[in-house]
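Everything on this sheet refers to the single structure shown next.
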Amino acid sequence: MKTKTKANFLTLEMFETIEIIELIDRAIELKHGARAMDLSDMTVANLFFENSTRTKCSFQMAEHRLRMKEIPFDVSTSSVQKGETLADTCRTLEAIGVDMLVVRHGETGYYEQLQNELNIPLINGGDGSGQHPSQSLLDLMTIRETFGQFTGLTVAICGDLAHSRVARSNVDALKRLGARVVGSGPVDWADPTLGIEHVGIDDAVEADVLMLLRVQHERHDGTMAFDPGDYHAAHGLTIARYGKLKDHAIVMHPAPINRGVEIASELVEYPKSRIFEQMTNGVYARMAILERAMRMKKEMEMGTSR
Ligand code: CP
């Protein structure tokens, strides 16, 4: 493992495949009522430099269920507004006794240097166009819950691949777990670095898992013309395309959803959609992530870590 502390959770690439499966299965166990760790002696701060509803609130819910104490941190009223750097902000929180940090930041790979400056676990809640490992874990959990395995499945990841940290996190993990992954969407938003075949949406709907991506307007430079209706017709999940899905297929989306763009609004809660289930699963996936980080932290402090 490349990171200074093995308790960090920065990308799924830093984990062995067996460790990813252990995290998925722990999340599923927790969903089925397994006893969660009692982390009432631990404090955590959630630093969200980019907007979030699901990731921030489900980390907070996971922390609540593990009895952790949250030290409230709001970027807009913090000394970040006086020019304090991310590293100094995080080191300040460590210095006052916070045991763990969850950070979302707009800079891709913000954690590369930061991880060397901290001695407490750092959990990546999303970095720019880089990685979104907790989203990936909940996505993997949702697929494993539905199909029991990954081998033999085709997962089509559709949409704004070039700007998607969700796609980047999922492609590598899904391949390692045995799934075939294809991409779909405007060719201008294809990403050759993902190393996946690019297909049209009418081929993508033959997949077992149709994973739609949000169009990330905030990461676009404005040079490409965009019409929501045209995008929906050419690349989105329309009612007609939904009718072509396999009987057992599922539809996923990390949300927030642009209704009528990536997916027809009424399909969001159709039977094959797992979109709100993904949000529910996010709490259990994040509980598993926090449990692991705190267990590793305690083992390292006691000198028993492998
Ligand atoms: N899927 C996701 O990351 O949603 P938020 O931006 O609301 O956290």
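Just follow the structure's listing: the first ligand is 1, and inside any ligand the first atom is 1. Numbering of residues begins at 1 and proceeds along the displayed sequence.
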> Tell me: protein heavy atom nearest atom 4 (O) of ligand 1, and distance?
Replying inline: Arg54 NE, 3.1 Å
>> Check this for me - ligand 1, Ala255, N or O atoms closer than 3.5 angstrom, yes or no?
In response: yes
> Given Phe9 and Phe15, is the ring-ring contact (aromatic ring centres under 6.0 Å, His included) satisfied, shown in steps?
Replying inline: CA-CA 9 Å; Phe9 185 85; Phe15 293 98; 5.5 Å; yes
> Taking the six-membered ring for Trp, are Phe226 and Trp189 parallel (under 30°), tilted (30 to 60°) or perpendicular (over 60°)?
Replying inline: parallel
With a cut-off of 3.5 Å and sequence neighbours excluded, list every side-chain donor-acceptor pair involving residues 91-98.
| residue | atom | partner | partner atom | Å |
| --- | --- | --- | --- | --- |
| Thr92 | OG1 | Asp88 | O | 2.6 |
| Glu94 | OE1 | Asn119 | N | 3.2 |
| Glu94 | OE2 | Asn119 | N | 3.4 |

> Going by the order shown, which atoms of ligand 1 are within less than 4.0 Å of some heavy atom of Thr53?
Replying inline: 5 (P), 7 (O), 8 (O)
> With a 4.0 Å heavy-atom cut-off (strictly under), which part of His132 contacts ligand 1: side chain, backbone, both or neither?
Replying inline: side chain
> What residue and atom, counting heavy atoms only, is the protein's closest point to atom 6 (O) of ligand 1, and at what distance?
Replying inline: Arg104 NH1, 2.9 Å
> In Å, rounded to the nearest 0.5 Å, how long is the span from CG of Leu118 to SG of Cys90?
Replying inline: 5.5 Å
> How would you list, by chain and number, every residue that makes a salt bridge (charged side-chain N to carboxylate O under 4.0 Å, His left out) with Arg241, sequence neighbours excluded?
Replying inline: Asp202
